[in-house]
Amino acid sequence: MTQAAIRGSAIAASAALLVGLLVPLTATPASAEGTVEVRLKLPMRARIDLTGRDTLLPAPFLVVSQEGEGRIEGSDIDVQGEFERYLNKVLRRETDLRIVEAGRIDYPTYDLEMLARDEDFWRNLGESTQSDLILAGTLDFDIQDRSGYRTEEYISPFDGRTMYRQVLVEQTGFEYDIVVMVFDGSTGELIYNDNFKDFKSFEGEQADPLQGMFENLYALEDRILGVFTQKDIEVSRVIFTP
């Protein structure tokens, strides 16, 4: 037998052996490992210890900066007032805490760092309002003109070539920056401090600022409520199946 014939027989035998090994694997898919993705609801505990704490005082948030020095320019939207109404509504609806009305509060300073360290002020406020917890912080709502030119492709109707051109895209951005502080009403101690931010962009130069503001708040709602209440969160998990 020639060398070529020997090589041909060896190749044919190897191919037959390989087919014999592959057929059982493809014919019995149950024996092959697989994965299944499932959605689970997991409880997430409140960020602060609520043991023995039943009342919450949402104090007025300090406004760092916003359009129109207290109101959005060209509108009658009161950013601070809208935020406080929204916050009180969701806290009453989603938590088991009794919400105490703040009324007028005269802050000893508007410097956030000094205010956070003033335990005497927060302790006296907690005693006078019979509040176990005091929620305070700052607001910064910013409206941004994000309009600009963007490069896009287009097909020339004359010769079919792909060309590029600059197109003006009008966009308005809304950014909410919220500093959240929680104080112990009996000691005045700062027990929680965090910074929540959200940005939303809308097509058009004259986008509705009220819509933008509430879109920001809806996006931050779970994070704010997570400070005071247990929330169920959905997560994805991959399970290996035999």
Side-chain angles (χ1 to χ4, degrees), residues 43-72 76-142 175-198 210 213-214 216-231:
M44 178 176 287
R45 293 191 304 173
R47 299 290 182 88
I48 61 176
D49 183 7
L50 297 175
T51 305
R53 293 165 170 164
D54 303 314
T55 55
L56 171 65
L57 170 69
F61 274 57
L62 302 177
V63 179
V64 177
S65 66
Q66 60 188 40
E67 301 292 330
E69 295 184 354
R71 295 182 181 272
I72 298 177
D76 59 354
I77 300 173
D78 179 357
V79 175
Q80 184 182 43
E82 292 290 349
F83 174 77
E84 290 179 2
R85 282 188 288 272
Y86 176 82
L87 181 64
N88 278 271
K89 179 180 177 180
V90 296
L91 288 173
R92 292 179 189 278
R93 185 186 67 212
E94 300 292 340
T95 75
D96 295 326
L97 296 167
R98 182 170 63 85
I99 306 304
V100 179
E101 296 291 339
R104 178 179 175 82
I105 295 178
D106 294 320
Y107 290 112
T109 178
Y110 291 100
D111 183 296
L112 189 63
E113 291 187 6
M114 293 180 62
L115 191 60
R117 293 195 299 266
D118 193 343
E119 295 187 358
D120 289 340
F121 169 76
W122 298 111
R123 183 176 61 255
N124 292 333
L125 181 60
E127 291 176 356
S128 64
T129 59
Q130 296 296 297
S131 302
D132 298 321
L133 297 167
I134 303 170
L135 170 62
T138 62
L139 301 174
D140 185 358
F141 181 67
D142 189 25
E175 184 175 42
Y176 227 135
D177 187 342
I178 306 174
V179 173
V180 172
M181 301 185 300
V182 181
F183 298 88
D184 187 313
S186 60
T187 65
E189 179 188 0
L190 176 65
I191 59 176
Y192 182 83
N193 186 20
D194 206 345
N195 185 200
F196 301 146
K197 293 183 180 182
D198 184 68
L210 185 62
M213 181 178 67
F214 276 98
N216 290 140
L217 287 176
Y218 295 148
L220 295 173
E221 181 175 306
D222 282 347
R223 297 179 64 188
I224 296 173
L225 288 174
V227 179
F228 303 101
T229 184
Q230 176 173 298
K231 301 289 290 183

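Because the structure is a prediction, the values reported are computed rather than measured.
- The side chain to side chain donor-acceptor pair (under 3.5 Å) test applied to S186 returns D184, not counting sequence neighbours.
- For the pair K89/I99, no side-chain contact is recorded, criterion being any heavy-atom separation below 4.5 Å from C-beta on.
- For the atom pair CD1 of I134 and CZ of R123, the computed distance is 11.0 Å after rounding to the nearest 0.5 Å.
- Every residue meeting the side chain to side chain contact (heavy atoms under 4.5 Å, CB included) condition with K197, not counting sequence neighbours, appears here in chain and number order: D177, N195.
- With sequence neighbours left out, the side chain to side chain donor-acceptor pair (under 3.5 Å) criterion links N88 to no other residue.
- Applying the salt bridge (Lys or Arg N to Asp or Glu O under 4.0 Å) test to E82 and every residue at least two apart in sequence or in another chain returns R85.
- Two residues are said to be in side-chain contact when any heavy atoms from C-beta on lie closer than 4.5 Å; Y86 and Y218 meet this criterion.
- Remark: N124 pairs with E127 by the side chain to side chain contact (heavy atoms under 4.5 Å, CB included) rule, at least two apart or across chains.
- A donor-acceptor pair is defined here as one N or O able to donate and one able to accept, closer than 3.5 Å; such a pair exists between the side chain of Y107 and the backbone of P60.
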Next item on the list: Determine, stepwise, if the pair F83 / L217 fulfils side-chain contact (heavy atoms from CB on, under 4.5 Å).
Entry: CA-CA 8 Å; F83 174 77; L217 287 176; 3.7 Å; yes
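- The two atoms that bring Q80 and V63 nearest to each other are CB-CG2, 3.8 Å, heavy atoms only.
- A search for salt bridge (Lys or Arg N to Asp or Glu O under 4.0 Å) contacts involving R92 returns E101, not counting sequence neighbours.
- Scanning both residues, T138 and F61, for their nearest heavy atoms gives N-CD2, 3.5 Å.
- Taken to the nearest 0.5 Å, the CD1 atom of I178 stands 11.0 Å off from the CG atom of D194.
- No side-chain heavy atom of L97 sits under 4.5 Å from any side-chain heavy atom of T55.
- Looking at L50 and T95, their side chains never come closer than 4.5 Å, going by heavy atoms from C-beta outward.
- W122 places no side-chain N or O within donor-acceptor distance of the main-chain N or O of A116, the cut-off being under 3.5 Å.
- Here the closest heavy-atom approach between residue A59 and residue I105 is recorded as CB-CD1, 3.9 Å.
- Once rounded to the nearest 0.5 Å, the distance linking CG of L91 with CD1 of I224 reads 8.5 Å.
- Residues T129 and L125 come closest through the heavy atom pair OG1-O, 2.7 Å.
- Contact annotation: the side chain of F196 never approaches that of Y176 to less than 4.5 Å [non-hydrogen atoms, C-beta and beyond].
- Between S131 and L57, the closest heavy-atom pair is OG-CB, 3.3 Å.
- Put simply, the side chain of V227 reaches to within 4.5 Å of the side chain of Y192, judged on heavy atoms.
- Within the 4.5 Å cutoff, the side chain of V100 has no heavy atoms near those of the L56 side chain.
- No side-chain donor from either of D111 and T109 sits under 3.5 Å from a side-chain acceptor of the other.
- Across all their heavy atoms, L190 and V182 have their closest contact at CD1-O, 3.5 Å.
- Annotation: side chain of D96 is not in contact with side chain of D54 (no heavy-atom distance under 4.5 Å).
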Next item on the list: Evaluate the criterion side-chain contact (heavy atoms from CB on, under 4.5 Å) for residue pair I191 and R53; output intermediate values, then yes/no.
Entry: CA-CA 13 Å; I191 59 176; R53 293 165 170 164; 3.7 Å; yes
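- Here the CZ-CZ distance, from F228 to R47, works out to 11.5 Å after rounding to the nearest 0.5 Å.
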Checklist line | salt bridge (charged side-chain N to carboxylate O under 4.0 Å, His left out) between E221 and R93, worked out | finding: CA-CA 12 Å; E221 181 175 306; R93 185 186 67 212; 3.4 Å; yes
Next item on the list: Would you sort out whether M181 and L112 count as a side-chain contact (heavy atoms from CB on, under 4.5 Å), showing the intermediate values?
Entry: CA-CA 10 Å; M181 301 185 300; L112 189 63; 3.4 Å; yes
